[in-house]
Amino acid sequence: MVTDVPTIRTRVAEVPPQDPAAPAVPPTPAHLIAEDFHLFYGTNEALKGVSLEIPARTVTAIIGPSGCGKSTLLRSFNRMNDLIPNVRMTGRLRLTDLDVLARSTDVVDLRRRVGMVFQRPNPFPKSIFENVVFGLRLLGVKDRGELEVRAEDSLRRAALWDEVKDRLDHSAMALSGGQQQRLCIARSMAIEPEVLLMDEPASALDPTATARVEELILDLKSRYTIVVVTHNMQQAARVSDRTAFMLQGELIEYGDTRQLFTSPHKRLTEDYITGRFG
Amino acid sequence: MSATILGQKVAALPRKQPRDFAGGAFTALSGAAAALIVLMTAVIIGDVVLHGWQTVTWEFLSGVPREGMTKGGIWPAIYGSVLLVVLMTVALVPFGVGAAIYLNEYANPDAPFTRIVRFAVHNLAGVPSIVFGLFGLGFFVQFVGVQMDRALGLDVTWGQPALIWASLTLALLNLPVVIVTTEEALRAVPREMREASLALGATRWQTIRNVLLPQAMPGILTGAILSVSRGAGEVAPILFTGAAYFLPYLPTSPTDQFMELGYHVFVLATQSPDVDATKPLLYGTVLVLLLLTLLLNLTAMLLRARLRANLAGRS
Amino acid sequence: MIPSAGPLQPGVNVARRRRLQRLREAFIAWVLRACAFSAVAGLLLIMVFVFREALPIFTSAETQREANFLGFFTVPNWQPVSDVPKYGLVPLLVGTFKIVFVAMAFAVPVAVLAALFASEFASPRLREILKPAIELLAGIPSVVLGFFGLMVLASWLQSVTGAPVRLNAFNAGIALSLGILPTTFSVCEDALRAVPKSYREASLALGASRWQTAWRVTLPAASAGVAAAILLGLARATGETMIVLMASGNAALGTANVFDSARTLSATIAAELAEVVVGSPHYSVLFFLGALLFLITFVVNVAAGLLVDRLRRRLAGA
């Protein structure tokens with residue numbers, strides 16, 4: 001059992017506190033803002049001035065054909081694109097009050113606040129338990145009891161607990177693809193991020209597993225700000241509150257999901273959702 | 001038969017491809033070349049095993065050379081070889097693995113520094129082993145050792161051929177082996193593993209230590225074993241840096257000289273006053289050396305095969 | 001259902017912890033960079049210290065009285081320990097050339113043909129025999145190959161060729177070829193396997209036989225890599241010491257006959273350095289031989305590296 005000791009949370013200490021006497025609060029989901037955001041791979045402009053605001057505690061879907069820049073945008077929010085050589089970014093990206101692109105921004109802290117789930121499940125070749133507590137160990141949590149409680153909590157929230165509770169010490173590689181993906185979600189949640197970025201989280205899964213992951217996304221909405229990249233329009237319609245449609249590096253339309261799918265403002269959006277291209 | 005093309009008369013093409021007899025012969029020849037390599041390998045190993053196995057007894061392995069090296073055993077040479085490669089490994093692996101991590105995980109592949117390092121690694125691998133021997137003598141013994149003696153106010157202690165200098169010379173010789181195999185192992189770790197770890201807020205080093213190194217371990221071990229095997233067999237670099245013709249005692253300090261299996265083979269084969277009397281000992285020593293290096297190689301091969309199978313199974 | 005865990009509390013002052021962590025990261029990056037630099041430092045130190053010991057030949061009048069650069073090529077004999085030491089390199093260069101020539105003449109065709117066989121014709125099962133055999137051969141220490149050349153090969157070759165002496169350039173060359181076969185084969189085979197399958201399919205679909213495909217399409221496409229393999233073999237053959245030291249007979253004769261005994265640059269260093277006085281002219285000359293070997297192999301290796309790069313670019317950009 002972990003008692004609620006009033007402590008200043010990791011991230012709050014880094015960010016200038018709004019309220020100097022910040023009480024112990026569960027992580028507040030953050031909102032994301034992009035303003036005139038450009039991204040270049042060398043000389044190739046992959047994102048051409050994207051501006052959008054993603055409110056807290058919502059599920060936002062980013063849709064568009066392959067190569068439209070939707071994954072690139074997603075990976076900009078936790079600076080995963082830093083890994084690629086010759087990437088240049090201009091404009092502004094903000095996580096609540098943190099300037100994501102600023103030189104002074106610590107990407108390690110940023111990535112603790114912004115979790116990510118990848119297209120293909122990528123568990124480490126370690127036990128299920130060690131996968132879930134990987135990020136906790138990095139944060140310096142050593143107490144076995146606390147690790148176990150947090151692992152169970154994350155696995156329950158990822159709706160995986162009942163399937164793996166008897167074999168936590170087995171290799172994660174032995175799980176099915178759908179289980180692996182939920183394990184990766186649990187792993188991300190264990191360090192209590194404020195935002196969860198999901199890059200086509202169900203594209204490598206079968207329909208049953210996909211349905212489970214989609215259910216999970218809806219369940220998690222109350223705690224996190226979730227951004228899902230998907231090429232599957234039905235999936236976007238099922239899980240998201242808001243949808244952004246991108247094409248060739250530009251944000252064409254962004255708004256309420258139902259409205260975007262039923263009466264889009266832009267001709268291009270309509271063409272895409274009715275399947276005229278893509 | 002003939003045909004007309006663009007107004008020109010040409011002979012009609014044959015309907016059937018001519019049989020490629022010469023090709024068949026060359027194919028057979030290439031098979032013969034491959035068979036020749038296998039055969040020669042088998043002949044060398046077979047000859048050594050056939051003539052050597054009777055000599056390799058416990059007395060031979062644990063005894064010291066006697067009667068002008070025409071009798072006795074090779075224990076001092078085994079002991080010296082093991083000590084030599086252990087010291088070499090201790091000096092070599094941290095640098096080699098560190099360099100490989102830098103090249104694969106930190107360096108910008110197009111940066112001048114990276115290019116220079118890769119150039120150096122490639123060319124270091126091509127420096128003849130005898131030149132390493134000269135370098136070991138000129139640098140470690142005559143420069144570092146002599147300076148150390150001067151600084152410490154000692155008589156000739158460090159400034160002479162010694163175990164430590166031979167180990168360091170071999171370490172430099174094998175640096176490319178460890179760098180190349182470690183890099184190969186790191187490159188084989190899927191990019192997704194790095195992303196997963198970094199996205200969880202791990203730092204670069206945490207990612208390397210907790211995720212990459214454990215997965216690359218078989219590959220790193222392969223490199224270390226290969227370099228040990230090579231270190232145990234190289235004679236030219238230690239000729240002037242520490243190997244001794246004969247020593248009545250076992251080395252106890254890094255400044256001692258030492259006997260070594262490969263050098264012992266050379267000594268028995270070329271410096272013996274009575275070739276026929278030493279022949280059994282010579283074959284026995286070669287067999288021990290060969291077994292040692294081939295077993296190490298075999299281990300490395302199996303490790304690598306398993307590593308590759310794992311990778312293939314994952315994707 | 002367990003109660004949800006409380007907020008994550010790393011326990012210490014987080015900002016300070018992170019600052020320390022950043023320092024540690026920077027330190028580790030610096031250490032790793034230094035490790036990478038060790039390869040550069042090693043190569044530079046080799047150059048500096050081998051050349052440094054050879055320097056008296058060019059700077060010291062005393063050394064030059066006994067051994068000078070011009071004399072290396074005009075003095076006909078190599079007799080460093082006679083009353084009037086003679087340091088003529090010609091016999092050593094001739095010996096090196098003879099032995100390397102024999103080794104290459106034998107090893108190159110065998111290695112290239114065997115590589116063609118392994119990459120183009122062999123069934124996977126045959127390849128599983130061939131590859132470990134090559135790796136085993138590569139794992140045999142050169143002193144063992146030298147031993148084999150001295151004890152076994154020499155007698156056998158003498159009975160076949162009728163050479164007047166057991167240990168001669170031909171014998172050393174054949175033994176040396178065993179030492180360079182694995183390198184040449186492996187680099188060659190890598191180059192051949194890097195040729196895209198589509199080339200072969202295109203050729204076979206035009207009705208070419210497998211040999212015609214291998215000889216006219218695959219081999220030319222991989223030619224830069226094959227040339228690199230030959231050069232790497234050449235560099236290794238030139239620098240290899242123990243095999244030639246043991247199997248060549250070591251007489252610095254300088255004749256053109258491959259069935260005469262011969263002595264190479266590398267074997268001269270190995271045989272004589274242990275007995276010379278540090279700093280003597282003879283000592284400097286032996287380091288000069290080392291510097292010469294270093295330069296030759298360095299140039300050949302750089303050329304091989306450029307060829308491998310070219311192959312990679314060509315296959316990637318084609």
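Here is how names work: the chains are called A, B, and so on, in the same order as the sequence lines, proteins then strands, and each is numbered from 1. Predicted, not measured: the structure shown is a model, and the values here were computed from it.
Heavy-atom distances place the side chain of Val50(C), and not its backbone, under 4.5 Å from chain B. Residue Arg33(C) touches chain B through both its backbone and its side chain, counting heavy-atom pairs closer than 4.5 Å. Neither the backbone nor the side chain of Ala235(C) comes within contact range of chain B, judged by heavy atoms closer than 4.5 Å. For Glu120(C), no part lies near chain B; criterion is any non-hydrogen pair under 4.5 Å. With a 4.5 Å cut-off on non-hydrogen atoms, Leu126(C) does not touch chain B at all. For Ala29(C), the parts lying under 4.5 angstrom from a heavy atom of chain B are both the backbone and the side chain. Heavy atoms of Pro161(B) lying under 4.5 Å from chain C are absent altogether. Heavy atoms closer than 4.5 Å to chain B are found in the side chain of Leu178(C), but not in its backbone. Looking at Gln206(B), the atoms closer than 4.5 Å to chain C (heavy atoms on both sides) sit in the backbone and in the side chain alike. With a 4.5 angstrom heavy-atom cutoff, Ile130(B) touches chain C via backbone and side-chain atoms both. In this structure, chain B has a heavy atom under 4.5 Å from the side chain of Leu150(C), while its backbone stays farther away. For Thr297(C), the part lying near chain B is the side chain, with the backbone staying farther off; criterion is any non-hydrogen pair under 4.5 Å. Heavy-atom distances place no part of Leu226(B) under 4.5 Å from chain C, backbone and side chain included. Only the side chain of Phe240(B) comes within contact range of chain C, with heavy atoms under 4.5 Å apart. With a threshold of 4.5 angstrom between heavy atoms, Pro132(C) approaches chain B through its backbone and through its side chain. Interface residue Ser38(C): backbone and side-chain heavy atoms are both found under 4.5 Å from chain B. Only the side chain of Leu181(C) comes within less than 4.5 Å of a heavy atom of chain B; its backbone N, CA, C and O stay farther away. Heavy-atom distances place both the backbone and the side chain of Leu134(B) under 4.5 Å from chain C. In this structure, the portion of Arg52(C) lying under 4.5 Å from any heavy atom of chain B is its side chain and not its backbone. Heavy atoms of Tyr283(C) lying under 4.5 Å from chain B belong exclusively to its side chain.
Side-chain atoms of Arg166(C) and Ser155(C) include a donor-acceptor pair closer than 3.5 Å. Defined by atom type and a distance below 3.5 Å, a donor-acceptor pair is missing between the side-chain atoms of Arg304(B) and Thr222(B). Checking Thr96(C) against Thr264(C) by side-chain atom types alone, no donor-acceptor pair falls below 3.5 Å. Looking at Arg18(C) and Gln21(C), their side chains do bring a donor and an acceptor atom within 3.5 Å of each other.
Most heavy-atom pairs under 4.5 Å with chain C: of the set Val38(B), Val43(B), Thr203(B), Asn297(B), this distinction falls to Thr203(B). Ranked by heavy-atom pairs under 4.5 Å with chain C, the first of Val48(B), Leu103(B), Leu36(B), Leu137(B) is Leu137(B). Counting heavy-atom pairs closer than 4.5 Å to chain B, the top residue among Glu135(C), Met47(C), Glu53(C) is Glu135(C). Heavy-atom pairs under 4.5 Å with chain B peak, among Val112(C), Val300(C), Val278(C), Leu45(C), at Leu45(C). Per-residue counts of heavy-atom pairs under 4.5 Å with chain B were compared for Leu136(C), Leu116(C), Leu293(C); the largest is that of Leu136(C). Among Ala269(B), Gly31(B), Ser229(B), the residue making the largest number of heavy-atom pairs under 4.5 Å with chain C is Gly31(B). Here Leu282(B) is the residue among Ile208(B), Thr270(B), Leu282(B) with the most heavy-atom pairs under 4.5 Å with chain C. For chain C, the option among Glu234(B), Gln142(B), Arg118(B), Arg230(B) with the highest count of heavy-atom pairs below 4.5 Å is Gln142(B). Most heavy-atom pairs under 4.5 Å with chain B: of the set Val302(C), Thr183(C), Leu113(C), this distinction falls to Leu113(C). Taking chain B as the reference chain and counting heavy-atom pairs below 4.5 Å, the highest number among Leu245(C), Leu286(C), Leu232(C), Val31(C) is found for Leu245(C). Contact count against chain C (heavy-atom pairs under 4.5 Å) is highest for Phe143(B) among Phe132(B), Tyr263(B), Phe143(B). Put simply, of Ala114(C), Cys35(C), Gly239(C), the one with the most heavy-atom pairs under 4.5 Å next to chain B is Cys35(C).
The aromatic rings of Phe294(C) and Phe298(C) lie parallel to each other, their planes meeting at an angle below 30°, with 60° marking the opposite boundary. Classified by interplanar angle (parallel below 30°, tilted 30° to 60°, perpendicular above 60°), the ring pair Phe140(B)/Trp165(B) is parallel. Ring geometry, Phe113(B) versus Phe37(C): the interplanar angle falls under 30°, so the pair is classed parallel (tilted spans 30 to 60°). Taking the six-membered ring where the residue is Trp, Phe147(C) and Tyr283(B) present perpendicular rings, their angle passing 60° and hence far from 30°. The aromatic rings of Phe26(B) and Trp215(C) sit parallel to each other, their planes meeting at less than 30°, with 60° as the upper class boundary.
Here the CZ-OG distance, from Arg236(C) to Ser129(B), works out to 8.0 Å after rounding to the nearest 0.5 Å. How far CG of Asp47(B) is from CG of Leu290(B): 10.5 Å, rounded to the nearest 0.5 Å. Separating the CD1 atom in Ile44(B) from the CG atom in Leu137(C) is a distance of 6.0 Å, to the nearest 0.5 Å. For the atom pair CG (Leu292(C)) and OG (Ser266(C)), the distance works out to 11.5 Å, reported to the nearest 0.5 Å. Distance check: Ser81(B) OG to Leu289(B) CG gives 7.5 Å after rounding to the nearest 0.5 Å. Between the CG atom in Leu92(B) and the OG atom in Ser227(B) there is a gap of 5.0 Å [rounded to 0.5 Å].
Counted within 6.0 Å of CZ on Phe49(C), heavy atoms from surrounding residues, nucleotides or ligands total more than 12; the atom is thus considered enclosed.
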Leu124(B) and Ile46(C): CA distance, side-chain angles, deciding distance, side-chain contact (heavy atoms from CB on, under 4.5 Å) verdict: CA-CA 9 Å; Leu124(B) 202 56; Ile46(C) 290 176; 3.8 Å; yes
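Geometrically, Arg204(B) engages Tyr106(B) in a cation-pi contact defined by less than 6.0 Å to the ring centre and at most 45° from the axis.
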